[in-house]
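Please read through the structure below; I'll follow up with questions.
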Amino acid sequence: MIAVQYPQPDFRIKKESGKEFIFDTLRKKWLLLTPEEWVRQNFVQYLIQTKNYPASLIALEKELRLGELKKRFDILVYDNNHQPWMMIECKGGEIKLNEDVLQQVLRYNISVPVKYIVITNGGFTYAWQKESNGLPSIHEIPAW
């Protein structure tokens, strides 16, 4: 497991019709504040503020195709050459990170190959580095 020290949040949150919304600074729009969105927004801020990843190289919830299926990844980080580098699958805090979650992101990795794979539910984070001979786990989020 990777210990993630999230930065102090500075989110814009509003309530409408009894529902909470959070402003996504990368997509520049208001989103329903679900448990998964809370994890996604905090993890993005961790990447930007703590790990110094460039915000311009982070994509959120973009569509990808798996054969005839259309799916959406949570977070994709590009390298300096704008090639997919790390894919992060976010789950709400109540969701256990198990083999099914890892298999989900590995399926996405078929369409969008990356060097690093991360799964997180906010409290727990696990990561792997793709190598020619396997998928060994790593113990920290790669430095930018």
Side-chain angles (χ1 to χ4, degrees), residues 1-15 19-67 69-144:
M1 185 179 78
I2 296 173
V4 174
Q5 296 297 318
Y6 293 101
Q8 184 64 33
D10 186 24
F11 299 127
R12 291 171 47 201
I13 296 176
K14 70 178 182 178
K15 236 181 188 176
K19 294 182 179 181
E20 285 190 313
F21 294 82
I22 188 167
F23 189 76
D24 182 321
T25 57
L26 294 183
R27 292 180 275 184
K28 298 183 179 10
K29 65 180 184 177
W30 290 96
L31 301 167
L32 182 63
L33 184 54
T34 63
E36 182 176 317
E37 192 60 47
W38 182 255
V39 171
R40 186 170 24 256
Q41 293 298 321
N42 276 278
F43 205 85
V44 165
Q45 291 309 308
Y46 165 74
L47 293 175
I48 293 169
Q49 294 181 37
T50 304
K51 300 297 281 184
N52 297 313
Y53 283 34
S56 62
L57 296 178
I58 298 174
L60 300 176
E61 289 200 303
K62 297 284 186 196
E63 189 175 278
L64 58 87
R65 288 182 104 31
L66 290 172
L69 299 175
K70 292 180 183 179
K71 299 289 184 178
R72 288 184 177 273
F73 61 74
D74 284 312
I75 304 171
L76 184 64
V77 180
Y78 295 90
D79 65 17
N80 283 325
N81 296 318
H82 297 277
Q83 296 301 307
W85 182 66
M86 179 168 42
M87 188 176 292
I88 301 142
E89 178 63 26
C90 300
K91 297 294 183 187
E94 74 285 359
I95 304 295
K96 290 192 185 317
L97 299 179
N98 56 25
E99 184 69 21
D100 291 341
V101 176
L102 176 59
Q103 289 303 318
Q104 177 184 356
V105 73
L106 287 174
R107 284 190 299 276
Y108 295 172
N109 189 59
I110 293 168
S111 293
V112 182
V114 293
K115 182 174 184 175
Y116 297 101
I117 293 173
V118 179
I119 59 175
T120 186
N121 65 5
F124 296 94
T125 301
Y126 300 94
W128 295 266
Q129 180 175 346
K130 278 182 53 183
E131 295 181 357
S132 59
N133 61 347
L135 192 67
S137 63
I138 55 177
H139 303 291
E140 65 180 293
I141 299 299
W144 180 250

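Numbering of residues begins at 1 and proceeds along the displayed sequence. None of the values given here were measured: they were computed from a predicted structure.
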Salt bridge (charged side-chain N to carboxylate O under 4.0 Å, His left out) pairs, two or more places apart, involving residues 83-107: Glu89-Lys91

Got a second to check how far Gln45's CD is from Thr25's OG1, nearest 0.5 Å? 5.0 Å

Name every donor-acceptor pair, under 3.5 Å, that has one atom in a side chain of residues 108-119 and the other anywhere in the protein, sequence neighbours excluded.
| from | atom 1 | to | atom 2 | distance (Å) |
| --- | --- | --- | --- | --- |
| Tyr108 | OH | Gln104 | NE2 | 2.9 |
| Asn109 | OD1 | Val114 | N | 2.8 |
| Ser111 | OG | Arg65 | O | 2.4 |

Which residues pass the side chain to side chain contact (heavy atoms under 4.5 Å, CB included) test with Gln5, sequence neighbours left out? none

Which pair of heavy atoms, one from Phe43 and one from Ile88, lies closest together, and at what distance?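 That closest heavy-atom pairing would be CE2-CD1, 3.9 Å.
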
Okay, side chain of Asn98, backbone of Val101: is any donor-acceptor separation there less than 3.5 Å? yes

What are the two closest heavy atoms between Arg12 and Trp30, and how far apart are they?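 Of all heavy-atom pairs spanning Arg12 and Trp30, the closest is O-CZ3, 3.3 Å.
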
Can you pull out every salt bridge (charged side-chain N to carboxylate O under 4.0 Å, His left out) where at least one residue sits in residues 25-36? Sequence neighbours excluded, please. Asp24-Arg27, Arg27-Glu37, Arg27-Glu61, Glu36-Arg40

If you count heavy atoms of other groups shown closer than 6.0 angstrom to NZ of Lys130, is the number above 12?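 Yes, because the 6.0 Å sphere around NZ of Lys130 holds more than 12 heavy atoms from other groups.
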
Looking at CE of Met86 and CG of Asp79, how far apart are the two atoms once the value is rounded to the nearest 0.5 Å? 11.0 Å

Do Leu57 and Asn80 have side-chain heavy atoms sitting under 4.5 Å apart?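 The answer is yes; the side chains approach within 4.5 Å.
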
Taking all non-hydrogen atoms of both residues into account, name the closest pair between Tyr78 and Pro84 and its distance. CD2-N, 3.6 Å

Neighbour count above 12 (heavy atom, 6.0 Å) for Phe23 CZ: yes

Can you check whether Ile95's main-chain N or O pairs, donor with acceptor, with Asn121's side chain at less than 3.5 Å? yes

Side chain to side chain contact (heavy atoms under 4.5 Å, CB included) partner of Phe21, chosen from Ile13, Leu32, Leu31: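 Checked Ile13, Leu32, Leu31 against Phe21; only one passes side chain to side chain contact (heavy atoms under 4.5 Å, CB included): Leu32.
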
Measure the spacing between CG of Asn42 and CG of Leu47 and express it to the nearest 0.5 Å.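 Here the rounded value is 11.0 Å.
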
Atom pairs and distances, side-chain donor-acceptor, residues 131-144, under 3.5 Å, sequence neighbours left out:
none

So, for Tyr6 and Thr120, which heavy atoms are closest and what is the spacing to 0.1 Å?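 Smallest heavy-atom distance, with atoms named: OH-OG1, 3.8 Å.
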
Please report the closest heavy-atom contact between Gly93 and Val39, naming both atoms and the distance.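 Minimum heavy-atom contact is N-CG2, 4.2 Å.
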
Name all residues meeting the salt bridge (Lys or Arg N to Asp or Glu O under 4.0 Å) criterion together with Lys62; count only those two or more places apart in sequence or in a different chain, and write none if there are none.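 By the salt bridge (Lys or Arg N to Asp or Glu O under 4.0 Å) rule, Lys62 matches no residue at all.
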
Over all atoms of both residues, closest heavy-atom pair of Thr50 and Pro7: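 Shortest heavy-atom separation between Thr50 and Pro7 comes out as OG1-CD, 3.8 Å.
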
Indicate the ring-plane relationship of Trp85 and Tyr53, choosing parallel, tilted or perpendicular according to the 30° and 60° boundaries.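 Tilted.
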
Could you tell me the separation between the CD atom of Glu63 and the CG atom of Leu69, rounded to the nearest 0.5 Å? 11.0 Å

Apply side-chain contact (heavy atoms from CB on, under 4.5 Å) to the pair Leu102 and Tyr126, showing each step before the final yes or no. CA-CA 9 Å; Leu102 176 59; Tyr126 300 94; over 6 Å; no

